[in-house]
Amino acid sequence: MKFRTSNTRISSLKNLFFFSLFAAFLMMQSCYSFTGSSLSPETQTILIRSFPNNAANNNPNLSQDFTVAIQNRFLQRTTLKGAVEKPDILIEGEIIDYNITPTTISSPIESSSTGNMIQAAQNKLTMTVKVHYENHVVGEEKKSFDRTYTDEVTFNSDMDLMTIESSQVKIVTDRIITKIFNDIVADW
């Protein structure tokens with residue numbers, strides 16, 4: 001009998017623990033928004049205009065890829081709806097720098113397999129985007145700003161241009177968009 005009573009008691013304690021954990025979760029959710037959004041409930045619509053690539057070095061897909069990526073970020077991670085005119089939030093800007101430069105050069109090394117001299121090196125991709133943000137919600141106009149965002153990524157020099165533009169540009173673009181998103185939505 002004692003064995004059966006202790007199993008019942010353990011089961012009851014487990015149920016009480018899980019119920020308490022669930023209740024605590026519900027209380028936390030009511031106190032804190034897990035999205036961390038600082039947008040007011042009145043903010044309903046957003047317009048994100050095309051970001052032209054005005055950098056000296058031109059990546060032909062950069063403008064379109066960046067614009068689509070920033071639009072997707074805001075439309076997928078917020079409750080904002082796209083607007084064509086009179087948006088609550090307007091985001092526009094331009095890509096002002098897109099540059100690939102060498103960062104490290106090592107001394108030549110003789111390859112044991114081919115006997116040729118090889119030189120290992122790294123390059124750096126830097127991208128800079130100028131952003132104009134307007135908040136048209138009454139009482140929130142002071143949140144509007146003009147800022148410049150820069151990010152970079154370092155990669156091996158043996159990568160071809162197609163690989164750089166498909167992988168490294170995506171990394172830098174995502175980092176810059178995260179900074180913009182956090183400044184506007186998360187208000188970090």
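Please read these numbers as outputs of a predicted model, since none were measured by experiment.
The shortest distance between side-chain heavy atoms of Asn135 and Tyr133 falls below 4.5 Å. Using a 4.5 Å heavy-atom cutoff, the side chains of Tyr149 and Met127 are not in contact. Side-chain atoms of Thr150 and Thr126, non-hydrogen and from C-beta on, do get closer than 4.5 Å to each other. Contact check for Arg175 versus Val153: side-chain heavy atoms found under the 4.5 Å cut-off. In this structure, the side chains of Asp160 and Ile164 stay at 4.5 Å or more apart for every pair of heavy atoms. For the pair Phe181/Lys179, no side-chain contact is recorded, criterion being any heavy-atom separation below 4.5 Å from C-beta on. A heavy-atom distance below 4.5 Å is found between the side chains of Val169 and Leu125. Taking the side chain as every heavy atom from C-beta outward, Val131 and Phe51 approach each other to under 4.5 Å.
The OG atom of Ser167 lies 4.0 Å from the CE atom of Met159; values are rounded to the nearest 0.5 Å. The structure places NZ of Lys170 at 8.5 Å from CD1 of Ile177, a figure rounded to the nearest 0.5 Å. Note that the CG atom of Asn123 and the CD atom of Glu152 stand 12.5 Å from one another [nearest 0.5 Å]. Here the CG atom belonging to Leu39 is positioned 5.5 Å from the CG atom belonging to Leu80, to the nearest 0.5 angstrom. Atom-to-atom distance recorded for Gln76:CD and Gln71:CD is 11.0 Å, nearest 0.5 angstrom.
Checked options Ile180, Thr178, Thr173; the residue passing with Ile176 is Ile180 (criterion: side-chain contact (heavy atoms from CB on, under 4.5 Å)).
Between the side chains of Ser40 and Thr43, at least one donor-acceptor pair of N or O atoms lies under 3.5 Å. Side chain to side chain, Gln122 and Ser157 fail the donor-acceptor criterion of an N or O pair below 3.5 Å. A donor-acceptor pair shorter than 3.5 Å can be found between the side chains of Asn58 and Asn53.
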Without placing hydrogens or testing angles, list every side-chain donor-acceptor pair under 3.5 Å for residues 86-97, not counting sequence neighbours.
{"residue": "Asp88", "atom": "OD2", "partner": "Gln44", "partner atom": "N", "Å": "2.6"}
{"residue": "Asp88", "atom": "OD2", "partner": "Thr45", "partner atom": "N", "Å": "3.0"}
{"residue": "Asp88", "atom": "OD2", "partner": "Thr45", "partner atom": "OG1", "Å": "3.4"}
{"residue": "Glu92", "atom": "OE1", "partner": "Arg49", "partner atom": "NH1", "Å": "2.9"}
{"residue": "Glu94", "atom": "OE1", "partner": "Asn54", "partner atom": "ND2", "Å": "2.5"}

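Asn156 contributes no side-chain N or O that, together with a main-chain N or O of Asp158, makes up a donor-acceptor pair within less than 3.5 Å. Within the 3.5 Å criterion, the main-chain N or O of Gly139 finds a donor-acceptor partner in the side chain of Glu141. A distance-only check finds a donor-acceptor pair linking the side chain of Ser166 to the backbone of Thr163 [under 3.5 Å].
The side chain to side chain contact (heavy atoms under 4.5 Å, CB included) test applied to Leu75 returns Ile46, not counting sequence neighbours.
With respect to the salt-bridge test (charged N to carboxylate O, under 4.0 angstrom), the residues Arg147 and Asp183 qualify. Ion pairing of Asp174 with Arg73 is present here, as a side-chain N (NZ or NE/NH1/NH2) and a carboxylate O approach within less than 4.0 Å.
Residues Ile184 and Val137 do not share a hydrophobic cluster, clusters being chains of Ile/Leu/Val/Met/Phe/Trp/Tyr side chains in contact below 4.5 Å. Hydrophobic clustering (ILVMFWY, side-chain heavy atoms < 4.5 Å, transitive): Phe145 and Ile48 are in one cluster.
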List the steps and the verdict of side chain to side chain contact (heavy atoms under 4.5 Å, CB included) for Thr148 and Thr128.
CA-CA 7 Å; Thr148 302; Thr128 304; 3.2 Å; yes
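Counting all heavy atoms, side chain and backbone alike, Asn57 lies closest to Tyr98 at CB-O, 3.2 Å.
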